[in-house]
Structure formats: structure tokens, C-alpha cells
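Just below is one structure, and these are the notes that go with it.
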There are 2 protein chains.
Amino acid sequence: MSVAIENFVKAIYKNDIQDNNDTKPGNIAKKLGISNAAATDMAKKLATKDLLHYEKYQALQLTEKGTKMALNVVRKHRLWEALLFKMFDMSLHEIHREAELLEHETSDFLANKISEYLGNPKFDPHGDPIPNADGEITTEDISIALSQSKEGKTYIISRLMSDDKEFFDFCAQNGLKYGNTITITKQFSKNKMTQISINNNTILLNEDFTNIIYVNEI
Amino acid sequence: MSVAIENFVKAIYKNDIQDNNDTKPGNIAKKLGISNAAATDMAKKLATKDLLHYEKYQALQLTEKGTKMALNVVRKHRLWEALLFKMFDMSLHEIHREAELLEHETSDFLANKISEYLGNPKFDPHGDPIPNADGEITTEDISIALSQSKEGKTYIISRLMSDDKEFFDFCAQNGLKYGNTITITKQFSKNKMTQISINNNTILLNEDFTNIIYVNEI
DNA sequence: AAAAATATTTAAGTAAGCTTAAAAATTAAT
DNA sequence: ATTAATTTTTAAGCTTACTTAAATATTTTT
Ligand SMILES: [Mn+2]
Ligand SMILES: [Mn+2]
Ligand SMILES: [Mn+2]
Ligand SMILES: [Mn+2]
């Protein structure tokens with residue numbers, strides 16, 4: 001299947017599990033940087049290939065086959081991220097940028113080699129789960145968005161769910177890193193802001209960030 | 001530039017330095033598995049992009065710009081081969097197959113990371129030289145084809161110039177490996193066959209193979 | 001030197017993956 | 001419940017990278 005198709009089913013998959021908006025052509029188009037018309041066209045085409053269900057004006061739904069394809073691409077993406085992160089001195093944003101391309105040009109054979117080399121990791125450097133060779137995610141996600149965290153409690157950062165350079169730069173500068181410990185010093189429920197303490201520094205985060213930083217209770 | 005263009009200029013580059021036939025559209029077409037018409041079309045298009053000189057019925061000639069592009073792709077190809085060969089248990093044929101795709105989806109930035117990690121190697125696992133970041137090949141090639149070797153002399157295998165699985169399988173089975181030592185026990189000049197001794201085994205090679213196995217005098 | 005074989009070029013056409021513009025439907029606002 | 005705004009769909013068209021078939025040029029053989 002083509003790069004365009006792989007990116008399309010992946011975008012649907014990610015929209016379904018991450019974003020809280022309908023998985024309609026327009027939202028996929030926005031993600032991929034293409035026109036709504038192009039997204040509708042593609043959706044129709046993929047329906048004939050049994051990769052998704054398409055009904056006019058309704059949300060797109062991946063078939064089992066489509067889901068499998070998406071997970072296979074996601075697997076390769078995250079394995080590349082894990083490999084590049086481990087081997088080279090590259091930032092979370094940089095590994096993502098490269099993985100976005102490499103994911104489409106990687107045989108299952110090579111993906112398995114990478115996985116094996118890394119000890120079949122369950123998570124990538126962003127904290128995202130890596131599907132196994134059968135396209136299954138075996139880990140259960142016990143993390144919550146920082147926006148849902150409780151005042152006074154202490155958490156471990158488990159996931160930085162973004163692909164935005166500015167966000168990652170901010171995180172790197174402030175010690176917001178996979179595995180690090182933070183304490184919630186205050187939840188401003190009205191303005192939807194969260195004050196945290198990390199490495200003896202106090203940081204105030206707004207909703208944009210607390211919705212994409214995930215943590216585990218300890 | 002597109003994958004098609006990168007493969008096209010690379011094919012011209014390799015035809016020029018490896019194969020002894022004209023670099024005309026037909027030969028490039030054969031290499032790339034496309035029609036002659038498609039190759040002519042592409043040649044014309046690339047001429048307008050200043051990547052090559054095109055004159056009807058004449059051999060194609062890369063411009064400096066075209067050569068630079070070809071060398072950049074070759075660099076990435078060979079760096080990937082070196083990396084995959086070092087890290088994973090993959091054959092010469094397998095690394096080539098993967099590199100053929102990865103070479104087009106690798107930023108200069110990542111290529112430099114790979115090179116650095118490997119200690120800026122000058123040769124890939126086939127013995128082919130790896131251009132540096134400026135697109136220069138600084139090593140001088142002192143190797144000769146096995147078909148040109150002298151009876152009674154001893155050589156080191158320096159290059160396996162092919163991308164054919166069967167050839168690599170044969171090499172692997174018979175110890176014909178980059179860096180290994182062989183002795184020429186007989187040159188059958190009439191039938192263009194070469195008898196070599198390696199690891200106490202005697203092997204008779206025909207021209208197909210002695211033209212793509214390169215060796216250095218010791 | 002002509003004829004035959006081969007290679008190259010031109011011409012016409014196709015599929016993928018996009019675009020913009022306009023029409024139709026849905027969703028949100030009054 | 002209308003009206004307005006937004007989204008989705010349809011329609012028409014573009015570029016890239018190919019194809020096959022026919023015309024033309026080159027190369028090889030006789
Ligand atoms: Mn990523
Ligand atoms: Mn991608
Ligand atoms: Mn190779
Ligand atoms: Mn290639």
C-alpha cells in the first residue's frame with residue numbers, strides 16, 4: 001500500500017484513540033494537511049479496498065484490516081523512534097520527524113530485527129505503546145492526563161503525547177521527561193491550569209499542555 | 001526530489017562508473033524496470049531541472065548538480081547498509097534491499113548521525129566507497145576485478161559488486177567475503193574462468209562472477 | 001551500400017493523489 | 001423553526017510517473 005494510504009489509516013486510528021472529535025474526513029484532512037475533498041476521495045477509495053467503512057456524512061470507521069494496517073505502521077514508527085533515540089543523540093521531535101518517513105519503507109522483517117535488538121520494548125521514548133508483530137498492544141494503559149491529576153499527589157511522567165517541536169523543547173528545558181517524578185501543588189479548576197513541582201522548580205501549565213502530558217500514580 | 005528522480009540519477013551514476021555500456025535511456029530503463037519511453041521522458045524532464053544534459057540519441061550526462069544528488073543518495077544507501085550489517089544479523093542481499101528504500105527517506109541530518117556512530121566509515125559491507133557529507137569519495141580505488149588477477153598471486157577480497165541474491169548466497173557459502181584472502185591457482189584465459197583457492201577449497205569461477213568480485217594485491 | 005535489427009523518440013492514454021470551486025447536507029446560532 | 005455557518009461532497013482539472021503503439025533514427029549485419 002502507498003504512503004498516502006498508510007498515513008491515512010494511521011491518522012484515522014490516532015484520531016479515534018487520541019482526539020475527541022469525530023473521525024470525519026475534515027478532521028483527517030486537517031491532520032494530514034490535505035483538502036477535505038482529497039480526504040473524502042481517499043475515504044471512498046479505501047472503502048472499496050475494505051480498509052474502512054464509509055457512509056456519506058458519517059464518521060469513518062476502520063475495518064479490522066484497516067486497523068491492522070494502521071497498527072503495523074504505528075509499530076514501525078515507534079520502533080524507529082526507540083532505535084534512533086537509543087543510538088543517536090536526537091530529541092523527541094527529531095526522532096518523530098524521521099520515523100514519520102521511515103515507517104513506510106520498513107519491511108516487517110526489518111521491524112522485527114529492530115524490535116529484537118531493543119529487547120522487544122513495550123513503549124517508545126514518548127511513552128506510547130509499541131504494537132507487537134501481530135499488531136496487538138498488550139500493555140494496558142493506566143496513565144491519566146495531567147489535567148485529571150489530584151492536588152497533592154505525586155506522579156511519574158508516562159507519556160508525552162504530541163509531535164510539536166515547541167512542546168518538546170519546553171519539556172526538555174523543564175525536566176518534563178518520560179520517567180521523571182512530579183508533584184501536583186495546585187489544580188486551578190476554574191482556569192484549567194495545573195501547578196506542578198519538579199526538581200524543586202514550580203511550573204504552571206495550561207490545559208493545552210496538561211491534556212497531552214500523561215502520568216502514572218505511584 | 002522524488003524517489004523516481006533519485007533512483008534515476010543514481011542509476012545513471014552507477015551505469016557510468018560500473019557498467020561498460022552507453023548511458024542511454026534504454027540501459028537506464030532496464031536497470032529501473034521501466035519502459036524506454038518512460039526513461040526518455042524522465043531524461044528530458046531532468047534536463048530542464050539542470051540535473052543532466054540531454055541530447056537526442058546521445059548518452060545521458062549528469063551535471064554537477066545531478067552528480068551531487070546521486071552521490072548523496074549513494075551515501076545514504078551505503079551508510080544504511082553499514083549500519084544494518086553491523087547491528088543486525090542480515091545478509092548482504094538483505095541490507096541492500098532495505099537500503100534501496102531507506103536511502104530516499106533519510107535526512108542529511110540522520111545520515112550524518114549514522115556516519116558518526118559508525119566512525120565515518122569509508123567503505124560499506126560490499127566494499128563500495130561511502131561518499132562523505134560533501135559528496136566526495138576520498139579513497140582511491142586500487143582494486144581490480146578478479147578476472148584481471150594474476151595466476152599464483154594472493155589477494156584480499158575488497159569488493160562484491162552486485163545486488164543479486166544468488167550471487168551473495170554463493171559467496172556466503174564459499175567464504176567469499178570482504179577482507180578474506182584468496183590465491184589464484186589458475187587462469188583459464190580461453191574460457192575466461194578463474195580457479196581460486198580459499199580456506200583450502202578450490203573453486204572455479206566463470207566470468208560472470210570474476211567481473212564483479214574485486215580484490216586488492218597484498 | 002542496402003537491408004535488417006535494434007534502440008530511441010513521439011504520441012496518446014492511465015492511475016494516484018492532489019487542487020479549487022461550487023453544490024448539497026449537516027450543525028450551530030438566533 | 002428559520003437562518004446562518006460550517007462541513008461534506010461532487011465536479012473538473014492538474015502533475016507525476018508510468019504504460020503501449022507507432023514513427024523515426026541509429027547500429028549491425030549481410
Ligand atoms: Mn512519533
Ligand atoms: Mn508517515
Ligand atoms: Mn547496495
Ligand atoms: Mn532506491
Side-chain angles (χ1 to χ4, degrees), chain A residues 1-16 19-62 65-66 69-70 73 100-101 103-105, chain B residues 1-16 19-62 65-66 69-70 73 100-101 103-105:
Chain A
M1 291 292 162
S2 68
V3 171
I5 291 177
E6 289 188 349
N7 278 332
F8 200 87
V9 295
K10 196 182 85 168
I12 294 174
Y13 174 80
K14 293 188 82 177
N15 197 267
D16 276 342
D19 307 331
N20 45 345
N21 58 28
D22 299 337
T23 306
K24 287 185 176 173
N27 286 318
I28 303 303
K30 212 169 289 168
K31 273 201 178 182
L32 297 175
I34 60 177
S35 69
N36 284 11
T40 300
D41 268 11
M42 183 60 100
K44 281 176 170 177
K45 193 171 80 180
L46 297 197
T48 73
K49 286 188 200 289
D50 194 31
L51 290 168
L52 54 79
H53 298 297
Y54 173 75
E55 263 192 283
K56 270 191 187 183
Y57 302 107
Q58 300 307 120
L60 306 175
Q61 276 194 298
L62 290 178
K65 190 176 160 196
M69 181 184 287
V73 178
E100 200 59 54
L101 302 177
E103 64 186 1
H104 309 290
E105 306 301 339
Chain B
M1 291 292 161
S2 68
V3 172
I5 292 177
E6 289 188 350
N7 279 331
F8 201 87
V9 294
K10 197 182 83 168
I12 294 174
Y13 174 80
K14 293 189 80 178
N15 197 268
D16 275 342
D19 308 330
N20 46 346
N21 58 28
D22 298 338
T23 305
K24 287 185 178 173
N27 286 319
I28 303 303
K30 212 170 287 170
K31 273 202 177 180
L32 296 174
I34 61 177
S35 68
N36 284 10
T40 300
D41 268 11
M42 183 61 99
K44 281 177 170 176
K45 193 172 78 181
L46 297 196
T48 71
K49 287 188 199 290
D50 194 31
L51 290 167
L52 54 79
H53 298 296
Y54 173 74
E55 263 192 283
K56 271 191 186 185
Y57 302 106
Q58 301 306 122
L60 306 175
Q61 275 194 298
L62 290 178
K65 189 176 162 195
M69 180 183 289
V73 177
E100 201 58 54
L101 301 176
E103 64 187 1
H104 309 290
E105 306 302 337

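Below, read A as the first sequence line, B as the second, and so on, with proteins coming before strands; counting in each chain starts at 1.
In this model, the phosphate group of dT20(D) is not approached by any side-chain N or O of S35(B) to a distance below 4.0 Å at OP1 or OP2. Between dT10(C) and T40(B), no contact under 4.0 Å exists linking OP1 or OP2 to a side-chain N or O.
From T23(B), atom OG1 reaches atom CD1 of I12(B) across 7.5 Å, with rounding to the nearest 0.5 Å. Note: L62(B) CG to L52(B) CG = 6.0 Å, rounded to the nearest 0.5 Å. For the atom pair CE of M69(B) and CD of E6(B), the computed distance is 6.5 Å after rounding to the nearest 0.5 Å. The line from CG of L51(B) to CZ of F8(B) is 10.5 Å long, rounded to the nearest 0.5 Å.
N27(A) places a side-chain N or O within 3.5 Å of a backbone atom of D22(A) that can act as its donor or acceptor partner. The backbone N or O of K49(B) lies less than 3.5 Å from a partner atom in the side chain of K65(B), making a donor-acceptor pair.
In this structure, K30(B) places its NZ atom 10 Å from C1' of dT6(C), rounding to the nearest Å. When rounded to the nearest whole Å, the span between CG of D41(B) and C1' of dT14(C) equals 14 Å. If you take NZ of K45(A) and C1' of dA16(C), they are 5 Å apart, rounded to a whole angstrom. Put simply, CE on M1(A) is 14 Å from C1' on dA15(C), counting in whole angstrom units. When rounded to the nearest whole Å, the span between CD1 of I34(A) and C1' of dT7(D) equals 15 Å. Computed from coordinates, the L32(B) CG to dT19(D) P distance equals 10 Å when rounded to whole Å. The separation between N36(B) atom CG and dT26(D) atom P is 16 Å, rounded to whole Å.
Atom CD of Q61(B) has 12 or fewer heavy atoms from other residues, nucleotides or ligands within 6.0 Å.
Residue contacts for A37(A): at a heavy-atom cut-off of 4.0 Å it reaches a base atom on one of the strands shown.
Of all the residues in residues 21-29 of chain A, K24(A), P25(A), G26(A) reach under 4.0 Å from DNA chain D with at least one non-hydrogen atom. Non-hydrogen atoms lying under 4.0 Å from DNA chain D are contributed by Y54(A), K56(A), Y57(A), all within residues 50-59 of chain A. For the segment residues 3-14 of chain A, the set of residues with a heavy atom within less than 4.0 Å of an atom of DNA chain D is empty.
Between K10(B) and E103(B), some side-chain heavy-atom pair lies under the 4.5 Å cut-off. When side chains are defined from C-beta on, E100(B) counts as touching N7(B), because their heavy atoms get closer than 4.5 Å. Counting heavy atoms from C-beta on, the side chains of T48(A) and Y54(A) never come closer than 4.5 Å. Using a 4.5 Å cut-off on side-chain heavy atoms (C-beta onward), D19(B) and K14(B) make no contact.
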